[in-house]
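Keep in mind that the numbers below use all heavy atoms, side chains included, and drop hydrogens, waters and symmetry copies. Here the structure is a predicted model, which is why all the values come from computation and not from measurement.
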Amino acid sequence: MAFGVIGALGVGSQLLAWRLRMPAIVLMLVAGLLAGPVFGLLDPARDIGPLMGPMISIAVAIILFEGGLTLNLHQLRDAATGVRRLVFIGAPLGWLTSTLVLHYVAGLSWESSAVFGGIMIVTGPTVIAPLLRSARLSRRPAALLQWEAIINDPIGALAAVLAFEVVLVLRTATSVGSAAVDLAVGIAVAVALGAAGAYGLVQAFRRGVVPEYMKVPLLFVSVLVVFALSDTMLHESGLLAVTIMGIGIANSDLPSYEELRRFKEQATVLLVSGVFILLAAGLDPSTITSLGWNAVIFVAAVILVARPVTVLISLIASGLSWRERALVALTGPRGVVLVAVAGLFGERLVALGVEDATRIGPLAFALVAVTVVLHGFTLAPMAKALGLTGGDRPGVLILGGSNWTIALAQALEKAEVPVLMSDPNYFHLVPARSAGIKTFSGDILSEAAENRVELVSFESVIAATDNDAYNTLVATDLAPEFGRDHVYQVTREKSDNARHSLPATLGGRKFGNGLTHDGWEQKLNEGWRFRVTRLTAEFTLEDWMAKWPDAYLLGQVGPRGTLRLLAPDEEIKTAPDARLISLVPPEEGEPSGPDAAEMPQDPVAPEKPA
């Protein structure tokens with residue numbers, strides 16, 4: 001029952017947070033505290049007992065391994081100057097400033113401060129992504145925050161592991177000389193085991209020794225074996241070994257790397273949720289209440305002193321504007337990884353005799369809760385005040401430059417929905433540019449697009465090129481980024497044929513009522529037009545359906561400018577003052593052909609002034 005409660009609270013909190021569009025960590029914190037200290041429904045020490053320690057250790061090991069999988073050194077070399085500065089200068093400087101704040105403000109010992117300070121380098125990649133999407137920052141500050149979170153995630157873990165190894169050796173060694181030898185041996189053993197595990201897996205995958213369906217299970221078991229073996233050979237060296245193992249695999253250019261990484265991300269979501277609920281439910285109420293004003297001053301010092309000093313020094317002469325530097329300096333939310341790793345090392349330090357390490361867990365919870373809530377409510381207004389938003393309204397990314405996609409883009413822009421049109425063929429975009437539509441010439445999956453296109457400014461994707469295979473590739477690749485409910489694909493030419501039908505895991509949602517790319521073009525040639533119609537109290541959806549019974553209803557734009565596209569046979573729920581986007585047939589006496597593809601506003605529903 002305890003495992004069921006932990007799973008239901010963790011995953012349920014994440015689902016509810018997704019529905020409410022708020023950080024999941026806030027709901028998980030509330031759920032864990034309510035189930036544990038408040039109502040006593042879940043007591044990890046009572047319900048799980050001796051299994052809790054090993055479970056958290058293995059979960060943290062897998063979390064750190066997944067963090068190592070994100071550290072691709074090639075991408076770091078290619079990253080912008082600001083990102084490299086935040087990693088090479090910001091990470092060690094952040095470790096130093098965090099350690100000083102922990103010691104002089106929070107009152108922790110140097111041992112606890114050094115270990116916890118290393119973990120505080122991590123700014124929470126699982127928290128940054130939803131915050132950036134909701135705040136809709138412009139490309140450069142969004143990229144800085146996202147890359148810093150991704151790259152510093154394993155670096156912070158490494159710093160904490162190394163600091164803990166130093167404390168462990170100093171506490172257990174008999175002399176300074178033996179302490180130095182033990183530390184060197186511990187690091188060497190962990191690095192050797194991690195590198196050997198990564199090398200063995202990479203060679204086995206490259207030579208085809210392992211079938212595809214066995215790669216993920218073998219990877220999972222290898223992480224557990226390396227972690228356990230390293231810990232058995234040298235106490236507490238397993239976390240360093242699995243982190244090194246993840247970094248080694250990330251930099252091996254494996255063809256199946258993306259599948260491995262995505263599985264590890266999904267496993268990490270489950271493990272992080274479980275560990276967070278466990279730690280929150282296991283908090284001692286007396287320890288929480290004993291923090292007092294000291295914890296408040298500590299959190300304020302981290303947000304207003306340690307983080308800004310680290311970022312501003314790191315980004316000196318980086319070419320960034322003062323607005324961008326200020327935004328990055330004042331944005332540093334911490335996530336569940338920090339709580340999970342801090343809770344584990346806090347218990348390890350207490351076992352070594354570091355008494356004040358009992359405060360690490362509660363301080364981590366306080367820092368995470370305050371930073372997530374604070375940045376969740378202030379990031380968007382602050383970015384807007386500094387003029388660093390990527391756009392107030394969520395836009396649409398249309399792939400494919402053709403007559404009908406250009407007409408659709410013009411209709412969307414008439415409804416005040418931002419549009420970016422992309423096509424690998426430069427000449428396909430010439431008419432779109434002539435029509436005043438923003439374009440990107442190139443492959444939307446390329447590194448150039450990643451660096452130049454502000455994907456965070458767009459909420460929906462319509463894959464509508466004349467190449468069905470390319471549409472399927474793009475829709476499948478962008479689905480995890482945008483969410484499958486927001487990625488649409490024009491109907492494939494041979495989708496009704498059993499030999500050419502694709503599984504539901506590939507491609508995007510169907511766009512339009514079964515019309516293929518050529519079908520859309522034919523409709524425009526026959527005189528059909530994209531139309532924007534505003535619904536009012538006098539002209540309702542029923543009136544629209546009566547006037548255009550044969551029309552194709554593609555979506556609606558709400559009063560706040562949010563576009564909702566419709567899949568075939570999806571029921572529409574209109575809001576007051578909504579605008580419908582549709583493809584309507586020509587009226588009697590109207591001209592046909594491409595020149596007739598205009599987007600007039602319905603005369604019965606005039607535009608309202610802005």
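- Of the inter-residue distances, the one linking Met382 atom CE with Leu330 atom CG reads 5.0 Å to the nearest 0.5 angstrom.
- One finds the CG atom of Leu16 at 12.0 Å from the CE atom of Met28 (value rounded to the nearest 0.5 Å).
- Here the OG-OH distance, from Ser252 to Tyr199, works out to 12.0 Å after rounding to the nearest 0.5 Å.
- Taking the six-membered ring where tryptophan is involved, the planes of His103 and Trp110 are essentially parallel, since the angle between them stays under 30° and well short of 60°.
- What you find for Gly94 and Ser98 is that their closest heavy atoms are O-OG, 2.8 Å.
- Judged purely by atom type and a 3.5 angstrom limit, Trp95 has no side-chain atom pairing as donor or acceptor with the backbone of Gly90.
- Scanning for side-chain hydrogen bond (donor to acceptor under 3.5 Å, both in side chains) contacts around Gln14 gives Ser273, with sequence neighbours left out.
- In this structure, Arg46 places its CZ atom where more than 12 heavy-atom neighbours from other residues, nucleotides or ligands lie under 6.0 Å away.
- Here the straight-line distance linking atom CG of Leu9 with atom CG of Leu34 works out to 9.0 Å at 0.5 Å rounding.
- Contact of the Met120 side chain with the Leu338 side chain is registered, since non-hydrogen atoms from C-beta on lie closer than 4.5 Å.
- Considering only heavy atoms from C-beta on, Leu327 stays 4.5 Å or farther from Leu144 through its side chain.
- Checked by atom type and distance alone, the side chain of His375 pairs as donor or acceptor with a backbone atom of Gly332 at under 3.5 Å.
- Residues Leu363 and Leu108 meet the side-chain proximity criterion, which asks for heavy atoms closer than 4.5 Å.
- Among residues two or more places apart in sequence or in another chain, the side-chain hydrogen bond (donor to acceptor under 3.5 Å, both in side chains) test is passed with Asp356 by Ser109, Ser112.
- Every residue meeting the side-chain contact (heavy atoms from CB on, under 4.5 Å) condition with Leu224, not counting sequence neighbours, appears here in chain and number order: Ile58, Ile62, Phe220.
- Between Ala2 and Leu42, the closest heavy-atom pair is CB-CD1, 4.1 Å.
- In terms of modelled atom types and a separation under 3.5 Å, the side chain of Arg85 and the main chain of Val311 share no donor-acceptor contact.
- Between Met55 and Ile48 there is a side-chain heavy-atom pair separated by less than 4.5 Å.
- At least one donor-acceptor pair under 3.5 Å links the side chain of Asn294 to the backbone N or O of Ala106.
- Using a 4.5 Å heavy-atom cutoff, the side chains of Met245 and Leu201 are in contact.
- A distance of 10.0 Å separates OG1 of Thr243 from CZ of Phe227, quoted to the nearest 0.5 Å.
- Not a single donor-acceptor pair under 3.5 Å links the side chain of Thr331 to the backbone N or O of Val328.
- The nearest pair of heavy atoms linking Ala357 to Leu349 is CB-CB, 3.4 Å.
- Considering every non-hydrogen atom in both Pro37 and Ala281, the closest pair reads CD-O, 3.6 Å.
- At a threshold of 4.5 Å between non-hydrogen side-chain atoms, the residues Arg206 and Val202 count as touching.
- Side chain of Asp477 to main chain of Leu473: no donor-acceptor pair is present (N/O by atom type, distance under 3.5 Å, no hydrogens or angles).
- Inter-residue side-chain proximity for Phe88 and Leu93 is flagged as unmet; no heavy-atom pair is nearer than 4.5 Å.
- Between Glu148 and Arg307 there is a salt bridge, since at least one side-chain N of the basic residue sits less than 4.0 Å from a carboxylate O of the acidic one.
- Nearest heavy-atom pair across Ala61 and Val242 is O-CG2, 3.5 Å.
- Side-chain atoms of Val350 and Ile360, non-hydrogen and from C-beta on, never get closer than 4.5 Å to each other.
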Checklist entry - Please walk me through it: do Thr97 and Thr310 pass side chain to side chain donor-acceptor pair (under 3.5 Å)? => result CA-CA 7 Å; Thr97 55; Thr310 299; 3.1 Å; yes

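- To the nearest 0.5 Å, atom CD1 of residue Ile249 and atom CZ of residue Phe65 are 4.0 Å apart.
- The nearest pair of heavy atoms linking Leu193 to Val226 is O-CG1, 4.2 Å.
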